[in-house]
Q: 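Before I ask anything, here is the structure I am working with.
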Amino acid sequence: MTPDTQQQPSAPVKRKRKVVRRKVSPIKVLRLLLPVMLFIALCVVMCVPSPGNDATVSDNEIVDSKPPVVELFSGSNVYDLEKLDTVSFYLRHLDKMPEPTQRIKVNYFGNLRPFFNDSNYVHWAEAERYGLRPLTDTRSHWQIDRPIVKVTTCADYYLDTLIFSRPYLVPQAAATLKEIGHRFRDTIAARGGGDYRIKVTSLLRTPQTVKRLRRRNRNAIDSSVHQLGTTFDISYASFVASSPEPARSVDDLKGILAEVLKAMREEEKIWVKYEVGQPCFHITARNKVNE
């Protein structure tokens, strides 16, 4: 085979590309344009004034409008909002007693221990007349023979953190506690002022909590009147201050509290025991209706 007869390599054949025209889908276009159209429509609605509000109102002009059907909140700050809750507003207080203190008039009447010395037998005899039968456990709170009410922090007193008792009293005792706190605050206000409240440290107990408490408190006894729901403890070594001025001393506040208790004891409304190991007044409300 001669070179002339050899086959020459063939040149590559160019293939024609087939042009494919995509069809425009109206649905896809609508999906792309719909958000933009909605945004434009919303802007137009927001810019167009509503009927009856064409006139602009300046800061000094007053516009008469109808009051809302239900007023959910009226106030100028968050403390006004807290007043809607009967407990949270009164939980606010200073972290410690304010200083320097100013003297306030106190009618001292000597050593308190021999004066407030009503025995446990007197307290128990009074409590048996209208109190509960001792609760055996926590479940027996739902099987009581007398009505009880829940005690919560309020304008007249502050409820301390309870460990060995529950926040319940019979209605007569709850009313007496409120009267003590109210008279305490009224006395302070009449003698120069000061935003102070008594601190309640113990209320209703069960035999189980009494047994636990006896391991830590030598003043606790098996026949604790706290089990009958008629008795409560008020601290004389600690008070709750809600305002820094005027500042009052713990000793003066203790003296005023003693005045209130002395007056109510003479009115035959309470029995009082001055506790030393745990600094508190041990108080049992008297039920004069059954006497």
Side-chain angles (χ1 to χ4, degrees), residues 97 101 103-129 131 156-165 169 172-173 176-188 191 194 196-205 209-210 213-241 248-288:
M97 297 289 287
T101 60
R103 294 304 306 271
I104 187 173
K105 180 183 177 182
V106 180
N107 298 322
Y108 292 103
F109 50 90
N111 187 8
L112 301 180
R113 186 172 184 179
F115 189 87
F116 297 121
N117 196 29
D118 298 322
S119 67
N120 185 67
Y121 299 103
V122 175
H123 287 259
W124 187 275
E126 181 69 37
E128 273 189 324
R129 300 179 183 180
D156 297 315
Y157 55 82
Y158 181 86
L159 187 63
D160 199 8
T161 302
L162 302 179
I163 301 176
F164 299 102
S165 64
L169 290 173
Q172 297 91 329
T176 301
L177 173 59
K178 189 172 183 65
E179 181 179 355
I180 294 173
H182 188 72
R183 291 172 69 160
F184 174 79
R185 289 175 59 84
D186 280 353
T187 304
I188 295 177
R191 298 181 184 179
Y196 294 90
R197 287 175 290 170
I198 58 176
K199 180 183 289 187
V200 183
T201 57
S202 184
L203 295 164
L204 177 65
R205 297 175 187 166
T209 58
V210 172
L213 181 60
R214 290 192 64 195
R215 300 171 185 171
R216 304 179 60 177
N217 182 6
R218 59 191 179 95
N219 290 333
I221 58 177
D222 286 335
S223 56
S224 173
V225 192
H226 285 278
Q227 301 173 89
L228 307 184
T230 61
T231 306
F232 47 87
D233 293 344
I234 299 177
S235 173
Y236 59 72
S238 177
F239 296 85
V240 173
R248 306 299 183 186
S249 67
V250 173
D251 290 338
D252 288 346
L253 296 176
K254 175 183 176 182
I256 293 177
L257 176 58
E259 285 186 49
V260 173
L261 298 180
K262 178 177 181 292
M264 294 184 64
R265 185 177 181 275
E266 293 174 349
E267 296 168 7
E268 299 182 352
K269 292 184 176 181
I270 55 175
W271 296 113
V272 187
K273 173 72 173 179
Y274 182 82
E275 302 285 359
V276 178
Q278 294 291 327
C280 67
F281 290 106
H282 177 74
I283 302 169
T284 294
R286 298 181 63 177
N287 187 22
K288 299 184 66 175

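All values reported here derive from a predicted model rather than from experimental measurement.
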Q: Under 3.5 Å, is there a donor-acceptor pair between the side chain of Y236 and the main chain of E275?
A: yes
Q: What are the two closest heavy atoms between V106 and R191, and how far apart are they?
A: CA-NH1, 3.8 Å
Q: Who passes ring pair (Phe, Tyr, Trp, His ring centres under 6.0 Å) against Y157, sequence neighbours left out?
A: none
Q: List for me each residue that meets side-chain hydrogen bond (donor to acceptor under 3.5 Å, both in side chains) alongside T231, sequence neighbours excluded, and say none if there are none.
A: T284
Q: Which heavy-atom pair separates Y158 from R197 by the least distance, and what is that distance?
A: CD1-NH2, 4.2 Å
Q: Residues two or more places apart in sequence or in another chain: which of them pass salt bridge (charged side-chain N to carboxylate O under 4.0 Å, His left out) with E179?
A: R183, K269
Q: Between Y196 (side chain) and R248 (backbone), is there a donor-acceptor pair under 3.5 Å?
A: yes
Q: With sequence neighbours excluded, tell me which residues meet ring pair (Phe, Tyr, Trp, His ring centres under 6.0 Å) with F232.
A: none
Q: Would you say that S202 contacts H226 through its side chain, given a criterion of any heavy-atom pair below 4.5 Å between the two side chains?
A: yes
Q: Which pairs count as salt bridge (charged side-chain N to carboxylate O under 4.0 Å, His left out) when at least one residue sits in residues 103-115, sequence neighbours excluded?
A: R103-D252
Q: Nearest 0.5 Å please: distance from the CG atom of L253 over to the CD1 atom of I104.
A: 7.5 Å
Q: Just verifying a value: how many Å separate W271 CH2 and N120 CG, rounded to the nearest 0.5 Å?
A: 13.0 Å
Q: Okay, side chain of E126, backbone of N287: is any donor-acceptor separation there less than 3.5 Å?
A: yes
Q: Could you report the tightest heavy-atom contact between G181 and I198, atom names first, then the distance?
A: CA-CD1, 3.7 Å
Q: Find the distance between CG (D156) and CD1 (I180) and round it off to the nearest 0.5 Å.
A: 11.0 Å
Q: Residues in side-chain hydrogen bond (donor to acceptor under 3.5 Å, both in side chains) with D186, at least two apart?
A: H182
Q: Can any side-chain N or O of H282 pair as donor or acceptor with the backbone N or O of D233 at less than 3.5 Å?
A: no
Q: Hey, could you give me the CD1/CE distance between I270 and M264, rounded to the nearest 0.5 Å?
A: 5.0 Å
Q: Please lay out, stage by stage, how F115 and V272 fare under the test side chain to side chain contact (heavy atoms under 4.5 Å, CB included).
A: CA-CA 9 Å; F115 189 87; V272 187; over 6 Å; no
Q: A237: what forms a side chain to side chain contact (heavy atoms under 4.5 Å, CB included) with it, not counting sequence neighbours?
A: S235, P279
Q: Looking at residues at least two apart in the chain, or sitting in another chain, which of them share a salt bridge (charged side-chain N to carboxylate O under 4.0 Å, His left out) with D118?
A: R265
Q: Which atom pair, heavy atoms only, marks the closest approach of A127 to L228?
A: CB-CD1, 3.2 Å
Q: Once you round to the nearest 0.5 Å, how far does CG of L203 lie from CG of L177?
A: 7.0 Å
Q: I'd like to check the ring pair (Phe, Tyr, Trp, His ring centres under 6.0 Å) partners of Y108; sequence neighbours left out, ordered by chain and number.
A: none
Q: Applying ring pair (Phe, Tyr, Trp, His ring centres under 6.0 Å), can you list everything that pairs with F116, at least two apart in sequence or on another chain?
A: F281
Q: List for me each residue that meets side chain to side chain contact (heavy atoms under 4.5 Å, CB included) alongside T161, sequence neighbours excluded, and say none if there are none.
A: none
Q: N107: which residues meet the side-chain hydrogen bond (donor to acceptor under 3.5 Å, both in side chains) condition with it, sequence neighbours left out?
A: E259
Q: Do I188 and F184 touch side chain to side chain, with heavy atoms closer than 4.5 Å?
A: yes
Q: If you round to the nearest 0.5 Å, how far is CZ of R205 from CG of L162?
A: 10.0 Å
